[in-house]
Amino acid sequence: MRGAKAYLWGASALLTVTAALHFFGWFMVRSQLAGETLPLIRLFWFTADVDWLVVAAIWFVAGRKGSVALRPIVLIAAITPLASAAGMILTLGPTFFGLWMLAIAVVLAVLGARRLV
């Protein structure tokens with residue numbers, strides 16, 4: 001388990017910070033959005049935050065328990081932020097810093113999962 005805890009807790013912390021930044025980003029962009037689609041956009045916006053916080057919690061618990069039995073759960077949970085990062089790179093481009101925060105969190109989680117014993 002050497003290093004697994006550090007990688008998984010680091011991934012969890014980075015994903016939590018990403019969710020917080022994304023949450024507060026709503027207040028910057030909401031004035032640019034209007035019309036009847038606003039409630040739907042708001043729903044999707046905050047759903048991403050909740051998803052990332054749940055994944056961060058899974059990674060935190062996996063780092064705390066340190067069991068190899070949690071490896072598949074850690075890797076399956078990594079799909080959510082990875083898919084978000086892939087969507088961002090396709091829609092916003094590779095220069096958007098948020099997608100790199102998600103991608104680095106996924107890399108840290110995968111490295112942590114590999115070190116679980």
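Because only heavy atoms are used, hydrogens play no part in the values below, and waters and symmetry mates are left out as well, while side chains stay in. This one's a predicted model, so the numbers in the text were calculated from it and none came from an experiment.
Grouping the Ile, Leu, Val, Met, Phe, Trp and Tyr side chains by contacts below 4.5 angstrom, directly or via other members, places Leu53 apart from Leu14. Grouping the Ile, Leu, Val, Met, Phe, Trp and Tyr side chains by contacts below 4.5 angstrom, directly or via other members, places Leu82 apart from Ile76. Criterion: ILVMFWY side-chain heavy atoms under 4.5 Å apart, direct or through other members. Under it, Ile104 and Val17 are part of a common hydrophobic cluster. Follow the hydrophobic side-chain contacts under 4.5 Å out from Phe97 and you reach Leu108 in the same cluster. In this structure, Leu90 is a member of the same hydrophobic cluster as Phe96, with clusters built from ILVMFWY side-chain heavy atoms closer than 4.5 Å.
Residues Val50 and Thr47 have side chains not in contact (no heavy-atom distance under 4.5 Å, counting atoms from C-beta outward). With a 4.5 Å cut-off on side-chain heavy atoms, Leu116 and Ser67 do not count as touching.
For Trp59 (side chain) and Ala11 (main-chain N/O), no donor-acceptor pair under 3.5 Å exists by modelled atom type. Although no hydrogens or angles enter the test, the distance criterion places no donor-acceptor pair under 3.5 Å between the side chain of Ser12 and the main chain of Leu8. At least one donor-acceptor pair closer than 3.5 Å links the side chain of Arg71 to the backbone N or O of Ala113.
The number of heavy-atom neighbours closer than 6.0 Å to CZ of Arg42, taken from other residues, nucleotides and ligands shown, is above 12.
Val106 and Ala78 make their closest contact through CG2-O, 3.8 Å (heavy atoms, listed as atom of the first residue, atom of the second, distance). The heavy-atom pair separating Ala62 from Val74 by the smallest distance is CB-CG2, 3.4 Å. Nearest heavy-atom pair, Ala85 versus Ala103, reported as atom, atom and distance to 0.1 Å: CB-N, 4.4 Å. The nearest pair of heavy atoms linking Leu15 to Pro81 is CD1-CB, 4.1 Å.
For residues 10-43, the set of pairs meeting the ring pair (Phe, Tyr, Trp, His ring centres under 6.0 Å) definition, not counting sequence neighbours, comprises His22-Trp45, His22-Trp52, Phe23-Phe27, Phe23-Phe46, Trp26-Trp45, Trp26-Phe46.
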